[in-house]
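Here the structure is laid out as structure tokens; the discussion comes afterwards.
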Amino acid sequence: MFTRATQEAHTFIPVRNYSLGETLTSGQAFRWREVDREWEGVIGKRWVRLSQETGAIRAAAFETGSVEDWSWLKNYLQSETDLDRVISTFPRDQHMRAAISACPGLRLLKQEPWECLASFILSSTKQIVQIQQIIGLLCERFGEPIDTPSGRTVHTFPSAERVAAITEEDLRCCKMGFRAPYLRASAQMIARGDLDLSGIARLDVENARGELMRLPGVGRKIADCVLLFAYHFQEAFPLDVWILNAMRHLYFARRRPSPKGLLKFTQTYFGPNAGYAQQYLFHYMRTRIGRAKK
DNA sequence: ATCCAGGACCACT
DNA sequence: AGTGGTCATGGA
């Protein structure tokens with residue numbers, strides 16, 4: 001009986017103006033961890049290690065068979081997106097300028113829809129470190145094990161079918177609290193085929209958002225996260241507490257426009273890549289401004 | 001100890 | 001169409 005060798009494959013992905021660190025810590029993906037100046041994570045069924053070089057990202061993947069086609073990784077990293085062209089569409093006010101210069105090379109990843117959706121269902125009123133912890137527990141307990149070169153075992157993100165079969169009690173053991181029934185019921189709708197995640201890519205943004213919001217635990221904000229981070233609807237603009245405070249603080253100097261009014265403002269003001277601009281503001285506020293909000 | 005976190009949902013006006 | 005309370009858990 002032959003077992004196909006599991007082996008580590010390497011490549012260099014040429015990049016320009018790309019910061020792995022800013023990108024992987026900006027609150028869009030939650031499974032990356034920094035180990036000795038390298039980044040380790042799981043994409044689909046592959047364990048991956050990335051590191052920043054000048055002009056390239058060095059990548060190692062660990063899987064059965066040989067790896068010759070790296071398009072799955074380039075697609076995830078969006079390494080071929082012309083970031084300068086995206087940024088050129090941002091408004092040129094002082095706050096955007098500050099955010100852009102504070103987070104050079106920050107990118108939007110292109111994530112798998114189910115993992116992205118489930119992750120953000122688990123994100124509500126949680127800090128990013130806690131979201132990472134919850135997702136880590138969920139994967140460790142219910143994902144499929146993957147070998148790594150170091151001998152450490154990591155796990156895939158459990159599929160919708162798998163999550164649908166987990167009891168609410170077992171989900172709550174992953175510390176997700178009141179989000180457990182939301183995650184479970186959403187997984188069941190997807191597993192049953194009541195909602196087709198792959199079909200959402202073909203819809204216009206309003207219908208795509210409407211589809212996602214049929215899922216329990218998915219409102220406007222989480223839907224916009226999935227629209228932006230998994231489907232790349234560039235006009236999706238996740239309006240969370242950080243962005244809300246940023247907008248009020250930076251653009252509306254303590255007048256207090258309603259969230260609805262703010263959303264309308266963002267759609268015209270931030271241009272065709274509003275969601276991308278939002279990610280810069282979010283990361284900028286969260287890492288550089290910190291408590292200076294309000 | 002008190003407040004708050006990449007919210008959604010329900011019951012109220 | 002807009003408010004307020006509630007949900008679970010752990011940082012700050």
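On a predicted model such as this, the values are computed, not experimentally measured, just so you know. Chain letters run A, B, ... following the sequence lines, proteins first and then strands; every chain starts at 1. Keep in mind that the numbers below use all heavy atoms, side chains included, and drop hydrogens, waters and symmetry copies.
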Considering every strand and a 4.0 Å limit on heavy-atom distances, what is the contact class for [X]: base, sugar-phosphate, or nothing?
X	result
Ser26(A)	base
Phe30(A)	nothing
Arg172(A)	sugar-phosphate
Gly27(A)	base
Tyr182(A)	sugar-phosphate
Val218(A)	sugar-phosphate

dG6(B) and dT3(C), which share atom name C1', separated by this distance in whole Å: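 Approximately 22 Å lies between the C1' atom of dT3(C) and that of dG6(B).
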Pair Tyr269(A) + Phe265(A): ring centers closer than 6.0 Å: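 Yes, the ring of Tyr269(A) comes within the 6.0 Å limit of the ring of Phe265(A), centre to centre.
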Under 3.5 Å, is there a donor-acceptor pair between the side chain of Arg107(A) and the main chain of Thr81(A)?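 Answer holds: yes.
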Report yes or no: does Glu161(A) contribute a side-chain atom to a donor-acceptor pair with the main-chain N or O of Ala191(A) at less than 3.5 Å?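 Absent.
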Give the rounded distance in Å between these two atoms: [atom1] of [X] and [atom2] of [N].
X	N	atom1	atom2	value
Leu122(A)	dG10(C)	CG	C1'	15 Å
Gln127(A)	dC3(B)	CD	P	16 Å
Ile134(A)	dG11(C)	CD1	P	11 Å
Arg179(A)	dT9(C)	CZ	P	9 Å
Gln132(A)	dG6(B)	CD	P	10 Å

More than 12 heavy atoms of other residues, nucleotides or ligands under 6.0 Å from CZ of Arg92(A): is that the case?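 It does not: Arg92(A) CZ has 12 such atoms or fewer within range.
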Would you state whether a donor and an acceptor, one from the side chain of Gln133(A) and one from the base of dG11(C), lie under 3.5 Å apart?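 No such pair is found, so the answer is no.
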With a 3.5 Å cut-off and just heavy-atom distances, do the side chain of Gln130(A) and the base of dG6(B) make a donor-acceptor pair?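 There is none.
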Among [options], the nucleotide that comes nearest once only the side chain of [X] is considered:
X	options	result
Lys260(A)	dA1(C), dC7(C), dG6(B)	dA1(C)
Thr125(A)	dG7(B), dG10(C), dG6(B)	dG7(B)
Ile222(A)	dG6(B), dA8(B), dT9(C)	dA8(B)
Ile243(A)	dG2(C), dG7(B), dG6(B)	dG6(B)

dA8(B) phosphate, OP1 or OP2, under 4.0 Å from Lys221(A) side-chain N/O: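 It does not, given that no N or O in the side chain of Lys221(A) lies less than 4.0 Å from OP1 or OP2 of dA8(B).
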Would you mind telling me which of Glu115(A), Glu112(A), Glu144(A) makes a salt bridge (Lys or Arg N to Asp or Glu O under 4.0 Å) with Lys45(A)?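 Result: among Glu115(A), Glu112(A), Glu144(A), Glu144(A) is the only option passing the salt bridge (Lys or Arg N to Asp or Glu O under 4.0 Å) with Lys45(A).
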